[in-house]
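See below for the structure under consideration.
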Amino acid sequence: MSKQQLYIICGIILVAVVAVILLRPSDEKKILKNLEKMAEYCTTEAQEPGLTTLQKTSLAAKLCTDPCKVQVESFDVDREFNRKEITNHIMMMKKRLVGTTFIFQDTEFTSLSGNSAELTTTLRLNGKTVDGRFTDAYELQITAVKKEGDWLFSSFTVVEFMER
């Protein structure tokens, strides 16, 4: 093998390694992608078929650890939910909020190290009621943990206005 061929092979290997490193999604991107999925699965289309609703609620629950801690002080909720309970609560919410879109905005990572991440985001709800349209926003603090290569949400805390 000539020196020129050796340089070409080394160059190809170097380019391949750099491409793998650059094209591999970062942990932040993976977590943000899961937030997008969560929003998509919780969004309720008008006249969504029951099977589709069940599939979406199940997929949303699979983005969470089992159990997953939920804290909403204004509703006196501070406990861990297993995946079946998460699925049931999302199903009830989707039935009550038909035609509601979920969007996570202004997401900031407050820490990301190893297998744990803390982030703050704003959850916007856009929907319809009998009287017209509504928009609500909630600030959330979320903890995500990496398990077997997948990032899962392990806790959700609604930041109450007066706490800020």
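Note that the coordinates shown come from a computational prediction; the quantities given were computed from them, not determined experimentally.
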*asked:* Quick check for you: to the nearest 0.5 Å, what is the distance between Thr107 atom OG1 and Leu119 atom CG?
replied: 6.5 Å
*Under 4.5 Å between any side-chain heavy atoms of Val158 and Phe75, yes or no?*
no
*Thr43 side-chain N/O to Phe102 backbone N/O, donor-acceptor pair under 3.5 Å*: yes
*Look at the side chain of Thr121 and the backbone N and O of Gln105, then say whether any donor-acceptor pair between them is shorter than 3.5 Å.*
yes
*For Glu118 and Thr110, test the side chains for any donor-to-acceptor distance below 3.5 angstrom and give the result as yes or no.*
no
*Test Met92 against every option in Lys95, Lys94, His89 by the side chain to side chain contact (heavy atoms under 4.5 Å, CB included) rule and name the one that passes.*
His89
*Is there side-chain contact between Gln71 and Ser155, with heavy atoms separated by less than 4.5 Å?*
no
*Side-chain donor-acceptor pair under 3.5 Å between Ser154 and Thr65, yes or no?*
no
*Is there a donor-acceptor pair under 3.5 Å between the side chain of Ser116 and the backbone N or O of Leu112?*
no
*Considering only heavy atoms from C-beta outward, does the side chain of Phe104 approach that of Leu32 to under 4.5 Å?*
no
*Non-hydrogen atoms of Phe81 and Arg79 that approach each other most closely*: CE2-NH2, 3.0 Å
*For Gln141 and Thr120, test the side chains for any donor-to-acceptor distance below 3.5 angstrom and give the result as yes or no.*
no
_Test your reading of the model: is there a side-chain donor-acceptor pair from Arg83 to the backbone of Cys64, 3.5 Å cut-off?_
yes
_Please tell me whether Met91 and Tyr41 are part of a single hydrophobic cluster in this structure, the criterion being side-chain heavy atoms less than 4.5 Å apart._
no
